[in-house]
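What follows is one structure encoded as structure tokens, with my remarks underneath.
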Amino acid sequence: MPGTPWSHRMGLTIPIVNAPMGGVAGGRLAAAVSAAGGLGMIGMGSSGSVAALEYELTQLEPVPAMFGIGLVAWVVEREPVLLDAALAARPALVSVGFTEDWSWVGRVHAAGIPAVAQVYDGDHARRAAAAGVDVLVARGREGGGHGDPRLGTLAVLDAVLEAVRVPVLAAGGIATARGLAAALAAGAAGAWLGTCLSVCPEALTPEPARAALLRAHATDTVLTRVFDLGQRLPWPDRYPARVLANETTRCWAGREGELSLDDAARDEVAAAAATGDPRQAPVDAGEGVGALTRSRPADEVVTELYREAARLLQRQPGGTDTGTAPGSGADESRFGAGNSESGHEQGSRA
Ligand SMILES: Cc1cc2nc3c(=O)[nH]c(=O)nc-3n(C[C@H](O)[C@H](O)[C@H](O)COP(=O)(O)O)c2cc1C
């Protein structure tokens, strides 16, 4: 079976996880990615709730053998039963993002479920691994949605692989086979993909946002806190969001301090966000967005990404084919072992 040591142990045929994207990655997308051989995750973002999670669990169709659930820490603080509801659904992985309070890890382990966390540098990775997190996601600045933007994807992947011995997934701006191949060749155990799956028909992305994503170029994204300030969402300053640049982000670029002190202006930004019109409202997007030109079913996206990445990985640097059959898996088991994770994680849960 092709893949990486981690994907083999998970029983996946494709080392791709769909990132838990609030308002975008519901049950239908998760089911489609899992059915294709990857791991689908349901995301509960800023507006996550037990009711929303329970609804998305009913949308897991066809019912996958495995799926994951991703939550946002400050939302769980507001509604602690959300984590209980997630654990009760018996997912294969649970992530709680955007916190360094690791108390959730013990609760997830007590339910016999592996824990996943996005990390942003080597020290952060060490702290997460020491807290017992089973799988880390090295997430770079290029990524869509919220994240700590200090390091780019290859730099953070390298730092995290160097720092820990648990499986490390790569995230941020990966939307093509070349990007996936680069991450696997560097030693990632898999890729955690957001933006490139957000335009799939199974995603919850509203049509105007999907059209804006398909029109956008790679240079059309921006890091901003403007919408979080406007909507008075308690995102920590450390985690701005990468979104498509639009009238609202341009209006407040470089003036976020001013916005935070101006209640009327914040109301205006919140009203702009509520329109859902991508010219004014937030559309989360990573720098891979320029590679997306049409909305294709998730199984087609992940299958083709991995097949083509496997083919690229059979080539010598500089582009010469070795002659090994594409996707044969002959050489692939070595990918994803860049931090020697296969030899160091006996007892790991994932
Ligand atoms: C539309 C969208 C919504 C997201 N929502 C969440 C979320 O609710 N929780 C989370 O942990 N990460 C969320 N993320 C971030 C992803 O977990 C991941 O870091 C990112 O998608 C990777 O970069 P990429 O989008 O370039 O693939 C979101 C990303 C996008 C694009």
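Here, residue 1 is the first one in the sequence, and each next residue gets the next number. When a ligand or atom number is given, it counts from 1 through the structure's own listing order.
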[atom]: nearest protein contact (heavy atom, Å):
atom: atom 16 (C) of ligand 1; value: A19 CB, 3.6 Å
atom: atom 20 (C) of ligand 1; value: G144 O, 3.5 Å
atom: atom 3 (C) of ligand 1; value: M21 CB, 3.3 Å
atom: atom 26 (O) of ligand 1; value: G173 N, 2.8 Å

Please indicate whether any nitrogen or oxygen in [X] is less than 3.5 Å from any nitrogen or oxygen in ligand 1.
X: W192; value: yes
X: R139; value: yes
X: G43; value: no
X: A285; value: no
X: T195; value: yes

Electrostatic pair R107-D84, nearest N-O below 4.0 angstrom: yes
Between R250 and E247 (salt bridge meaning N to carboxylate O under 4.0 Å), is one present in this structure? no
Given the rule in the side-chain contact (heavy atoms from CB on, under 4.5 Å) test, do L12 and M66 qualify, once you have shown the distances and angles that lead to the verdict? CA-CA 9 Å; L12 308 175; M66 254 187 301; 3.8 Å; yes
Mark up the atoms of ligand 1 that fall under 4.0 Å of a heavy atom belonging to [X], in ascending order.
X: F98; result: 9 (N), 10 (C), 11 (O), 12 (N)
X: Q118; result: 10 (C), 11 (O), 12 (N), 17 (O), 18 (C), 19 (O)
X: G45; result: 8 (O)
X: V24; result: 1 (C)
X: D284; result: 1 (C), 2 (C), 3 (C), 30 (C), 31 (C)

Ring centroids only, cut at 6.0 angstrom: are F98 and W74 within range, meaning strictly under it? no
Do [X] and [Y] come close enough that some side-chain heavy atom pair is under 4.5 Å?
X: R150; Y: D121; result: yes
X: V166; Y: V133; result: no
X: L180; Y: I16; result: yes

Among residues at least two apart in sequence or on other chains, which ones pass ring-ring contact (aromatic ring centres under 6.0 Å, His included) with Y120? H124, Y239
Closest contact, heavy atoms only, T99 versus A73: CB-CB, 3.4 Å
Looking at every non-hydrogen atom in both residues, tell me the closest pair between A298 and V33 and how far apart they are. CB-CG2, 4.1 Å
Looking at E162, I want to see if its CD is surrounded by more than 12 non-hydrogen atoms of other residues, nucleotides or ligands under 6.0 Å. no
Option whose closest heavy atom lies nearest to [atom], chosen from [options]:
atom: atom 22 (C) of ligand 1; options: G97, G172, A203, G179; result: G172
atom: atom 7 (C) of ligand 1; options: A175, P20, G194; result: P20
atom: atom 23 (O) of ligand 1; options: G22, G143, G286; result: G143

Non-hydrogen atoms of G147 versus ligand 1: any pair closer than 4.0 Å? no
